[in-house]
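Okay, structure first, notes after.
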There are 2 protein chains.
Amino acid sequence: MTENVPLPDFDLSRFMPYRLAVAAQRTSEELARQYRDRFGISIPEWRVLVHLATAEDVSVRDIEARVAMEKSKVSRAATRLEAQGYVTKTQHQGDRRLVRLKLTPRGRELMAELLPLAQAYQDEIEARLGAAFAHLESGLTALLQDK
Amino acid sequence: MTENVPLPDFDLSRFMPYRLAVAAQRTSEELARQYRDRFGISIPEWRVLVHLATAEDVSVRDIEARVAMEKSKVSRAATRLEAQGYVTKTQHQGDRRLVRLKLTPRGRELMAELLPLAQAYQDEIEARLGAAFAHLESGLTALLQDK
DNA sequence: TTGACATCGTTGCATGTGCAATGATTAAAC
DNA sequence: GTTTAATCATTGCACATGCAACGATGTCAA
């Protein structure tokens, strides 16, 4: 007769980690599918490419710190990108533990296509949300800053 | 001499899908580790449990729609939960294609521990963000409503 | 009834993932 | 200078994942 332990009310749809996960999934899904179907690129690979488009001469460690991915994930993404001919991996001259990642010309051409796609998607989200976009931005800034 | 294709500027750290992914990862990580280390529960399992704590007599299909997970993910989470003794899977009487998921008494006891943990975490986030929490909420609401 | 089609849940398969352990290299300690 | 510790990137392993295919059941039309 003690089978029915009472449970507190809880609304998953208002739980912030859940809402963020769903929002991230929704917004990534459409773009990720385009990347995958048209270019054979996954999200981890895309993140590495974006960072290389900004700063060349980057190590796995640098990317790990900048794009919020585990180093093994970065390493495997870089290996796949190298196999696809978008990236070269060479030994760093000063510190031979480091790997120097660099876009190939073909990789640059790819990014010249991908980056406008991403920017257009960002613009589309911003247009759709209107004033709420700024709210979302300030909320995320607060959430992501310290810690 | 045409090696250097020019690339448009792009700031990954301001790209909304990326920011949302990082925010989701950060906020889920801490809680997920607690669930895993202390109770042996993963995030997909947790989502199923939360929904069962709210509404009993639920099918895999129902959960798939409510908690934003693929049906195969729900199915496997339910299988694991059954093996751990937190959930029972029985055949629905009316429609024998459906599986009726239900918390066991032990499952209810687990949730009586887990739900307050989640609520405390939610409260902590809200306290830390202050006014920005409301901004985040309204932004997410706008983003997630239609589609 | 029969047949065609839709729905539900599970599973096979290839691939991605986190985590710990490893080898290679460099830095620090003494 | 030698030993010890730290750092960088990769890899092995067990497991999770998405997706398509499947079997079982239910629905609908003729």
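Letters go in sequence order (proteins before strands), and every chain restarts at 1.
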Measure all distances between protein nitrogen or oxygen atoms and nitrogen or oxygen atoms of nucleotides 23-26 of chain C, and list the pairs falling under 3.5 Å.
{"unit_1": "C/dT26", "atom_1": "OP1", "unit_2": "A/Arg96", "atom_2": "N", "d": "3.0"}
{"unit_1": "C/dT26", "atom_1": "OP2", "unit_2": "A/Arg96", "atom_2": "NH2", "d": "3.2"}

Handout entry: Gap between atoms CZ and C1', on A/Arg33 and D/dG18 respectively (whole Å)
Key = 13 Å
Handout entry: Separation of D/dT7 P from A/His92 NE2 (nearest whole Å)
Key = 18 Å
Problem - Length of the CD-C1' vector between A/Glu70 and D/dA9, whole Å - result: 13 Å
Practice task
From the options C/dG9, C/dC19, D/dG18, select the nucleotide whose nearest atom is closest to the side chain of B/Arg36.
Solution key: C/dC19
Practice task
Using whole Å, report how far CZ of B/Arg47 lies from C1' of D/dA16.
Solution key: 14 Å
Completion exercise
By side-chain hydrogen bond (donor to acceptor under 3.5 Å, both in side chains), B/Lys89 pairs with (sequence neighbours left out) B/Thr79
Could you go through nucleotides 10-15 of chain C and list every protein N or O atom that sits under 3.5 Å from one of its N or O atoms, giving the distance for each pair?
{"unit_1": "C/dT10", "atom_1": "OP1", "unit_2": "B/Lys89", "atom_2": "NZ", "d": "2.9"}
{"unit_1": "C/dT10", "atom_1": "OP2", "unit_2": "B/Ser75", "atom_2": "OG", "d": "2.4"}
{"unit_1": "C/dT10", "atom_1": "O5'", "unit_2": "B/Ser75", "atom_2": "OG", "d": "3.2"}
{"unit_1": "C/dG12", "atom_1": "O6", "unit_2": "B/Arg76", "atom_2": "NH2", "d": "3.2"}

Problem - Heavy-atom side-chain proximity of B/Leu143 to B/Leu20 below 4.5 angstrom - result: yes
Problem - Partner set under side-chain hydrogen bond (donor to acceptor under 3.5 Å, both in side chains) for B/Lys71, not counting sequence neighbours - result: none
Handout entry: Atom-pair distance (CG on B/Asp62; C1' on C/dG9), nearest Å
Key = 13 Å
Exercise for the section: Rounded off to whole Å, could you give me the CD-to-C1' distance for the B/Gln25 and C/dG18 pair? Expected result: 11 Å
Distance-only check: which donor-acceptor pairs under 3.5 Å involve side-chain atoms of residues 33-43 of chain B, not counting sequence neighbours?
{"unit_1": "B/Tyr35", "atom_1": "OH", "unit_2": "B/Trp46", "atom_2": "NE1", "d": "3.1"}
{"unit_1": "B/Ser42", "atom_1": "OG", "unit_2": "B/Glu45", "atom_2": "N", "d": "3.4"}
{"unit_1": "B/Ser42", "atom_1": "OG", "unit_2": "B/Glu45", "atom_2": "OE2", "d": "3.4"}

Exercise for the section: Indicate yes or no: does A/Glu29 engage A/Arg26 in a salt bridge with an N to O separation below 4.0 Å. Expected result: no
Practice task
Flag the pair B/Arg106 and B/Glu109 as a salt bridge only when some basic side-chain nitrogen lies within less than 4.0 angstrom of an acidic carboxylate oxygen.
Solution key: no
Practice task
Quickly work out the A/Glu64 CD to D/dT7 P distance and round it to whole Å.
Solution key: 12 Å
Problem - Length of the line joining A/Leu98:CG and D/dA9:P, which is rounded to integer Å - result: 4 Å
Problem - Non-neighbouring partners of B/His51 that pass side chain to side chain contact (heavy atoms under 4.5 Å, CB included), sequence neighbours left out - result: B/Val58, B/Ile63, B/Arg66, B/Val67
Handout entry: Sidechain N-carboxylate O distance under 4.0 Å for B/Glu137, A/Arg19
Key = yes
